[in-house]
Amino acid sequence: MTDKEKKVVLSLVQPSGELTIGNYLGAIRNFSKFQDEYNCFFAVADMHAITVDQVPADLRRRTKEVLALFIASGIDPEKCTLFIQSQVPEHAQLSWVLNSQAHMGQLSRMTQFKSKSKEHSGNINSALFTYPVLMAADILLYQTDLVPVGEDQNQHLELARDLAQRFNARYSETFTVPNAFIDKEMGKIYSLKDPDKKMSKSDPDSNSYILINDKSDVIRKKIKRAVTDDKNNFSYNDEQKGLKNLINIYSAFSQKSVEEIVKKYRGENYSNFKEDLGDLIVEKLSPIQEKYNEILNDKKYLTDIYTNGAIKAEKVAYKTLSKVYKKIGFLKREML
Ligand code: TYM
């Protein structure tokens with residue numbers, strides 16, 4: 001099958017901090033599963049990252065780190081297009097057009113906007129508000145069929161679908177209407193300290209998350225300290241949310257079913273399970289960490305990948321944007 005005949009998968013990750021196992025299990029781990037059968041685009045959302053304050057040198061470093069992590073976690077740059085959002089200007093251009101279609105009311109209902117405005121109350125800029133419109137542009141530019149994301153992005157996906165449908169209805173069929181691909185259990189990995197909250201790199205308590213790059217002893221320590229309960233009953237249910245979250249993480253890293261895990265540890269105290277879980281995470285993350293460091297040390301390799309990726313991505317993006325410009329009544333710029 002040629003790329004043109006294949007369905008399209010796309011997802012982006014922000015370089016706004018170190019990545020956690022929530023990012024990995026909820027999204028990045030799934031990316032490589034699509035690469036043989038789909039035409040895949042994976043990118044670093046550096047434009048989204050500047051909706052909150054960033055130190056420029058850190059932003060540059062993290063942008064490369066996210067790309068390296070994509071590859072270290074199994075994405076093959078020969079099979080997929082890997083690029084950096086700001087290097088394909090069509091993202092900003094389509095975003096502006098879609099802004100003229102997105103309603104203020106709809107954007108103000110976005111839960112991520114509400115929580116981020118609280119978190120960054122000193123800098124509620126307008127890009128933070130229109131952030132989901134840029135995300136819709138990311139998706140719609142590539143005529144994307146499927147978007148693998150964590151559950152927290154579902155509302156943004158709904159907006160992208162809405163904007164595509166609205167535009168198609170008004171100006172004739174232009175965009176593919178995308179679907180979210182969300183892993184039922186892994187779509188939301190919770191904080192290790194408060195299982196009612198999502199695991200997040202922006203949490204001030206570093207014991208609440210495990211970074212993909214955490215050292216072995218740090219990982220084991222964080223799992224040991226993870227909040228469970230005092231029921232002394234090893235089972236999987238919504239009353240024991242802390243334990244349920246840890247069982248989900250175990251299941252994801254071991255490929256074992258929840259039933260198998262519960263059977264294995266039933267009757268034991270939680271500390272044996274936690275010890276095994278710490279070891280398991282260390283075992284599964286260390287090859288990724290090794291490969292990641294290797295890639296980061298090879299500057300030319302990464303630069304080649306994202307430079308070629310931007311060229312490939314822009315060909316597709318330009319085609320969609322040109323159609324959009326024509327349909328809305330912008331004059332074509334003639335070449336002299
Ligand atoms: P970001 O950078 O916050 O997160 C990257 C991916 O990780 C998922 N994720 C989680 N999944 C499970 N449990 C968690 N605790 C957890 N935390 C994060 C996120 O759902 C996401 O899939 N707006 C997006 C980036 C973006 C994008 C796009 C995604 C920009 N344009 C177009 C898809 C398509 C974001 O901020 O993700």
Hey, mind stepping through Y209 and Y190 against side-chain hydrogen bond (donor to acceptor under 3.5 Å, both in side chains) and telling me if it holds?
-> CA-CA 8 Å; Y209 52 73; Y190 293 90; over 6 Å; no
Worked check of side-chain contact (heavy atoms from CB on, under 4.5 Å) between K319 and Q143 | CA-CA 10 Å; K319 206 167 143 201; Q143 307 294 353; over 6 Å; no
Determine, stepwise, if the pair L211 / V218 fulfils side-chain contact (heavy atoms from CB on, under 4.5 Å).
-> CA-CA 10 Å; L211 298 176; V218 175; over 6 Å; no
May I have the step-by-step check of side-chain contact (heavy atoms from CB on, under 4.5 Å) for I189 and I249, ending in yes or no?
-> CA-CA 8 Å; I189 298 292; I249 296 173; 4.0 Å; yes
Q240 and N237: side-chain hydrogen bond (donor to acceptor under 3.5 Å, both in side chains), yes or no, with the steps?
-> CA-CA 6 Å; Q240 295 173 274; N237 61 68; 2.9 Å; yes
Evaluate the side-chain contact (heavy atoms from CB on, under 4.5 Å) criterion for residues V227 and L192: first the C-alpha distance (whole Å), next the side-chain angles of each, then the deciding distance (0.1 Å), finally the verdict.
-> CA-CA 6 Å; V227 166; L192 300 178; over 6 Å; no
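When atom types are taken as modelled, the side chain of Q289 and the backbone of D214 share a donor-acceptor pair closer than 3.5 angstrom. Looking at S191, its side chain does come within 3.5 Å of a backbone N or O of K193 through a donor-acceptor pair. Within the 3.5 Å criterion, the main-chain N or O of L141 finds a donor-acceptor partner in the side chain of T320. Judged purely by atom type and a 3.5 angstrom limit, T63 uses its side chain to pair as donor or acceptor with the backbone of L59. In terms of modelled atom types and a separation under 3.5 Å, the side chain of Q14 and the main chain of D46 share no donor-acceptor contact. Judged by distance alone, with hydrogens and angles left aside, the side-chain atoms of Q87 form no donor-acceptor pair with the main-chain N or O of E314 at under 3.5 Å. Between the side chain of S257 and the main chain of E260, a donor-acceptor pair closer than 3.5 Å is present. Between the side chain of S11 and the backbone N or O of P148 there is at least one donor-acceptor pair closer than 3.5 Å. With hydrogens and angles ignored, the 3.5 Å screen pairs no side-chain donor or acceptor of K241 with any backbone N or O of D194. Between the side chain of T130 and the main chain of S126, a donor-acceptor pair closer than 3.5 Å is present.
Taking the six-membered ring wherever Trp is involved, the centroid distance between the rings of F113 and F129 falls below 6.0 Å. For F181 and F34, the ring centers are positioned less than 6.0 Å apart. For Y306 and F83, the ring centers sit 6.0 Å or farther from each other.
Heavy atoms only, all atoms of each residue included: G309 and T81 are closest at O-CG2, 3.4 Å. Here the closest heavy-atom approach between residue E185 and residue Y236 is recorded as OE1-OH, 3.3 Å. Across M47 and Q85, no two heavy atoms sit closer than the pair N-OE1, 2.9 Å. V282 and S216 make their closest contact through CG1-OG, 3.5 Å (heavy atoms, listed as atom of the first residue, atom of the second, distance). Across N30 and L25, no two heavy atoms sit closer than the pair ND2-O, 4.1 Å. Contact record, S95 with A137: N-CB, 3.6 Å, taken as the closest heavy-atom pair.
A salt bridge does not link K263 to E259: none of the charged nitrogens lies less than 4.0 Å from a carboxylate oxygen. Note on R220 versus D217: no salt bridge recorded, every NZ/NE/NH1/NH2 to OD/OE distance being 4.0 Å or above. Salt-bridge annotation for D203 and K198: absent, with no side-chain N of the basic residue lying under 4.0 Å from a carboxylate O of the acidic one. With respect to D304 and K300, a salt bridge is recorded, a charged nitrogen being found less than 4.0 Å from a carboxylate O. Salt-bridge formation is not detected for the pair K188/D152: no Lys NZ or Arg NE/NH1/NH2 atom is positioned less than 4.0 Å from an Asp or Glu carboxylate oxygen.
Looking at F167 and I328, their side chains come closer than 4.5 Å, going by heavy atoms from C-beta outward. K323 is not listed as a side-chain neighbour of K326, based on a closest heavy-atom distance of 4.5 Å or more. The closest side-chain heavy-atom distance from I212 to L69 is below 4.5 Å. Y171 is not listed as a side-chain neighbour of V324, based on a closest heavy-atom distance of 4.5 Å or more. The shortest side-chain heavy-atom distance between K327 and S172 falls under the 4.5 Å cut-off. Counting only heavy atoms from C-beta outward, the side chains of R29 and S73 never approach each other to under 4.5 Å. With a 4.5 Å cut-off on side-chain heavy atoms, D138 and F41 do not count as touching.
Summarising the local packing, CG of L146 is surrounded by more than 12 heavy atoms from other residues, nucleotides or ligands at distances under 6.0 Å. When the shell of 6.0 Å around CD of Q106 is examined, it contains more than 12 heavy atoms from other residues, nucleotides or ligands. The 12-atom threshold is not exceeded at NZ of K224, counting heavy atoms of other residues, nucleotides or ligands nearer than 6.0 Å. The environment of CD in E37 is sparse: at most 12 heavy-atom neighbours from other residues, nucleotides or ligands sit within 6.0 Å.
Taken from CG in L10 to CG in N39, the straight-line distance is 10.0 Å, to the nearest 0.5 Å. From I139, atom CD1 reaches atom CG of L94 across 11.0 Å, with rounding to the nearest 0.5 Å. Q35 contributes atom CD, which lies 10.0 Å from atom NZ of K6 (distance to the nearest 0.5 angstrom). Going from atom NZ of K221 over to atom NZ of K215 covers 11.5 Å, rounded to the nearest 0.5 Å. Of the inter-residue distances, the one linking L277 atom CG with S271 atom OG reads 12.5 Å to the nearest 0.5 angstrom. Atom CD of Q93 and atom CG of L98 lie 12.0 Å apart (nearest 0.5 Å).
Following chains of ILVMFWY side-chain contacts shorter than 4.5 Å, one can reach I288 starting from L19, so the two form part of one hydrophobic cluster. By the criterion of side-chain heavy atoms lying less than 4.5 angstrom apart, applied directly or through intervening Ile, Leu, Val, Met, Phe, Trp or Tyr residues, M199 is grouped together with L243 in one hydrophobic cluster. There is a path of hydrophobic side-chain contacts, each under 4.5 Å, that joins Y24 to L82. L296 and V44 end up in the same hydrophobic cluster when Ile, Leu, Val, Met, Phe, Trp and Tyr side chains are linked at under 4.5 Å.
Under 3.5 Å, the side chains of R266 and N233 contain no donor-acceptor pair of N or O atoms. A side-chain donor-acceptor contact under 3.5 Å links Y265 and D276. There is no side-chain donor-acceptor pair under 3.5 Å between E18 and N213. N168 and Q165 share no donor-acceptor pair across their side chains, judged by distance under 3.5 Å alone. With 3.5 Å as the limit, one finds a donor-acceptor pair spanning the side chains of T111 and Q155.
If you run ring-ring contact (aromatic ring centres under 6.0 Å, His included) between H91 and each of Y142, W96, Y318, only Y142 comes through.
Within the cation-pi definition used here (under 6.0 Å to the ring centroid, within 45° of the axis), K7 does not qualify as a partner of Y38.
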